[in-house]
Amino acid sequence: MRAVVPGGVHYSEKHRSLNLFLLDGVLWNISDSFVIAYQTLYILALGGTTAQVGQMTALINLAGAAALMPGAWLSEMWGRRKTLIVVFGGIVSRLPLLLLALLPLAFSGTAAIYAAIALLALRTFGDNFAKPAWTSFTADLIPLRLRGRYFSSRNFGMGVVAFASVPLFGVLIRNMDGLSGYQVSWFLVFLAAAASVVCFALIRDTPTTPPQASTSLREIVGDMLAQRPFVVFTGVTLIWNLALQLAGPFFNVYLVQDMGASAAMVGIVTAVNSMSALVGQRWFGRQYSRLGDLGIFRIAGLVIPFLPVMWAVITAPWQVGIINGIGGFMWAGYNLAQFNLLLSMTPEKGRERFAAVYQIAVFLPAFFAPLIGAWMVDAIGFRAVFVISGIGRLIATLMFIYMLGAKSSAKRRASAADTSD
């Protein structure tokens with residue numbers, strides 16, 4: 001006989017669902033890693049400018065922010081989380097990858113640039129419309145006691161495929177004439193992304209009755225303000241991402257335009273990032289029980305701000321490999337801790353809307369910051385913008401540590417007062 005967990009789900013069925021969820025993440029990351037590494041270069045290959053790269057990043061993040069609250073509302077009202085994820089996170093967000101492969105056959109010049117930007121924005125809209133439901137679904141799928149170890153293993157698998165695939169795409173693009181390398185690459189990542197949707201669709205769904213979350217604006221705001229750790233975490237995330245996106249879209253532009261790197265070189269230094277992320281995922285996974293989410297967050301949050309400053313002093317493209325070696329390791333820990341903190345700080349009641357508000361703090365500054373960053377690059381240069389980005393990240397981390405320390409001190413004082421009484 002197969003053992004049964006609460007809710008009537010057999011262990012073997014649960015194990016199968018966890019394996020499918022891992023495979024979904026691995027296949028999805030092939031496409032996501034390609035988009036992150038090459039979407040900017042694709043716009044440049046179509047004839048785009050630095051200003052249009054900034055516009056692209058701003059529009060993509062605006063689309064992401066605009067999708068979150070409607071997605072959370074539909075998930076709460078409808079309750080069919082898995083269906084919503086497959087339709088929006090699957091079909092709506094994956095189909096643009098195929099259309100990006102076909103785009104040069106129908107458009108050229110400025111029309112091609114803005115068509116590509118629109119498709120990339122649609123991809124992000126679909127992903128983020130589904131994200132609140134996905135966060136809630138994931139919290140129910142992965143037991144709390146398994147999250148640290150499971151997500152460490154899942155992230156490791158995702159890092160392996162990124163390490164293998166991203167440089168191969170770079171070689172493919174370099175060795176094929178014109179835009180044909182990009183077209184073939186977009187088609188291949190579409191196939192991987194479509195396979196990930198199939199894996200997710202096969203995960204056993206457990207229909208849930210939507211929690212009776214508040215519907216009035218006053219109650220919604222009150223519910224969220226009552227969760228002070230969530231408010232602090234979200235506020236720090238907003239500042240962090242403002243600093244992050246000020247420079248983020250322009251690293252590869254700087255690498256190609258000012259440092260003379262090729263698409264293959266971009267693939268190689270990205271692979272270094274992925275390789276070091278594999279090491280980081282294993283190390284932070286082993287240290288998780290000792291450090292916890294907050295300990296990992298502190299370590300990574302204090303190192304990552306210095307990475308853009310290092311970009312400001314490099315003199316050759318290969319030196320980016322050193323930066324990415326450090327960055328991949330630290331971002332592995334940061335992302336692991338960040339997601340686990342989000343799950344632990346969002347209550348079951350209204351989790352979708354809490355996740356949506358948090359993601360808005362991620363995407364909204366990413367709408368304004370690239371536009372500001374593009375203007376600053378023209379005014380003061382890439383290197384100055386990189387330094388400013390590092391300072392902003394450091395401020396966000398120190399704010400989080402200070403607020404966390406103040407809260408811990410208040411708890412200790414309250415505990416001492418109770419003991420003295």
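Owing to the predicted nature of the structure, the values given are computational and were not obtained by experimental measurement.
Side-chain contact between Gln319 and Ile323: absent, with no pair of heavy atoms (C-beta onward) separated by less than 4.5 Å. Within the 4.5 Å cutoff, the side chain of Leu44 has heavy atoms near those of the Gln257 side chain. Taking 4.5 Å as the limit, some side-chain heavy atom of Phe169 sits within range of a side-chain heavy atom of Val189. In this structure the side chain of Leu398 never reaches within 4.5 angstrom of the side chain of Tyr402, judged on heavy atoms. The shortest side-chain heavy-atom distance between Leu341 and Leu294 falls under the 4.5 Å cut-off. Counting heavy atoms from C-beta outward, Ser153 and Arg282 have side chains that approach closer than 4.5 Å. When side chains are defined from C-beta on, Ile326 counts as touching Met310, because their heavy atoms get closer than 4.5 Å. With a 4.5 Å cut-off on side-chain heavy atoms, Ser185 and Phe34 count as touching.
Distance check: Leu244 CG to Ser389 OG gives 6.0 Å after rounding to the nearest 0.5 Å. Between atom CG of residue Leu22 and atom CE of residue Met158 there is a gap of 9.0 Å, rounded to the nearest 0.5 Å. Between atom CG of residue Leu188 and atom CG of residue Leu97 there is a gap of 11.5 Å, rounded to the nearest 0.5 Å. Note: Met56 CE to Ile117 CD1 = 7.0 Å, rounded to the nearest 0.5 Å. Distance check: Ile30 CD1 to Leu168 CG gives 10.5 Å after rounding to the nearest 0.5 Å. Distance CE/Met275 to OG1/Thr270: 12.5 Å, rounded to 0.5 Å.
A donor-acceptor contact shorter than 3.5 Å is absent between the side chain of Ser75 and the backbone of Ala72. With hydrogens and angles disregarded, a donor-acceptor distance shorter than 3.5 Å links the side chain of Tyr38 to the backbone of Val166. Side chain of Ser136 to backbone of Pro132: no donor-acceptor contact under 3.5 angstrom is found. Looking only at distances, a side-chain donor or acceptor of Ser276 sits under 3.5 Å from a matching main-chain atom of Asn324. With Thr237 contributing its side chain and Phe233 its backbone, the two residues share a donor-acceptor pair below 3.5 Å. Between the side chain of Arg298 and the backbone N or O of Ile401 there is no donor-acceptor pair closer than 3.5 Å. Between the side chain of Gln281 and the main chain of Asn155, a donor-acceptor pair closer than 3.5 Å is present. Judged purely by atom type and a 3.5 angstrom limit, Tyr182 has no side-chain atom pairing as donor or acceptor with the backbone of Gln39. Between the Thr124 side chain and the Leu120 main chain, a donor and an acceptor come within less than 3.5 Å of each other. With Lys82 contributing its side chain and Ile203 its backbone, the two residues share a donor-acceptor pair below 3.5 Å.
Nearest approach of Cys199 to Leu27, heavy atoms of both residues: SG-CD1, 3.9 Å. Contact between Gly64 and Leu68 at its shortest, heavy atoms only, is O-CG, 3.3 Å. Across Trp311 and Val320, no two heavy atoms sit closer than the pair CZ2-CG1, 3.5 Å. Residues Val266 and Val269 come closest through the heavy atom pair O-CG2, 3.3 Å. Here the closest heavy-atom approach between residue Val309 and residue Gly390 is recorded as CG2-CA, 4.5 Å. Shortest non-hydrogen contact noted between Thr57 and Pro370 is CG2-CG, 3.4 Å.
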Could you walk me through whether Phe200 and Phe137 satisfy the side chain to side chain contact (heavy atoms under 4.5 Å, CB included) test, starting with their C-alpha distance in whole Å, then the side-chain angles of each, then the deciding distance to 0.1 Å, before giving a yes or no? CA-CA 11 Å; Phe200 187 88; Phe137 186 92; 3.9 Å; yes
Could you walk me through whether Arg174 and Val171 pass the side chain to side chain contact (heavy atoms under 4.5 Å, CB included) test, one step at a time? CA-CA 5 Å; Arg174 184 190 63 185; Val171 172; 4.2 Å; yes
Kindly indicate, with the supporting measurements, whether the criterion side chain to side chain contact (heavy atoms under 4.5 Å, CB included) is fulfilled by Tyr288 and Leu336. CA-CA 10 Å; Tyr288 186 83; Leu336 174 65; 4.2 Å; yes
Should Phe251 and Phe382 be marked as a side chain to side chain contact (heavy atoms under 4.5 Å, CB included) after you check the CA-CA gap, both sets of side-chain angles, and the distance that decides it? CA-CA 8 Å; Phe251 287 123; Phe382 286 104; over 6 Å; no
Using a 3.5 Å cut-off and no angle test, enumerate the donor-acceptor pairs between side-chain atoms of residues 86-93 and protein atoms at least two apart in sequence or in another chain.
from	atom 1	to	atom 2	distance (Å)
Ser93	OG	Gly89	O	2.5
Ser93	OG	Asp127	OD1	3.4

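Ring pair Phe21/Phe151 is perpendicular by interplanar angle, where above 60° counts as perpendicular and below 30° as parallel. Using the six-membered ring where Trp is involved, Phe339 and Trp134 have ring planes that are tilted, between 30° and 60° apart.
If you look at Tyr334 and Trp240, their ring centroids are closer than 6.0 Å. Two rings, from Phe107 and Tyr114, have their centers 6.0 Å or more apart. Aromatic pair Phe329/Phe284: centroids less than 6.0 angstrom apart.
Side chains of Gln183 and Tyr42: a donor-acceptor N/O pair is absent below 3.5 angstrom, by distance only. Of the N and O atoms on the side chains of Thr397 and Arg393, not one donor lies less than 3.5 Å from an acceptor on the other residue.
Atom CZ of Phe306 sits in a sparse spot, with 12 or fewer heavy atoms from other residues, nucleotides or ligands closer than 6.0 Å. Summarising the local packing, OH of Tyr150 is surrounded by more than 12 heavy atoms from other residues, nucleotides or ligands at distances under 6.0 Å.
Residue pairs meeting the side chain to side chain donor-acceptor pair (under 3.5 Å) criterion with at least one member in residues 17-36, sequence neighbours excluded: His15-Asn19, Asn29-Ser33, Asp32-Arg123.
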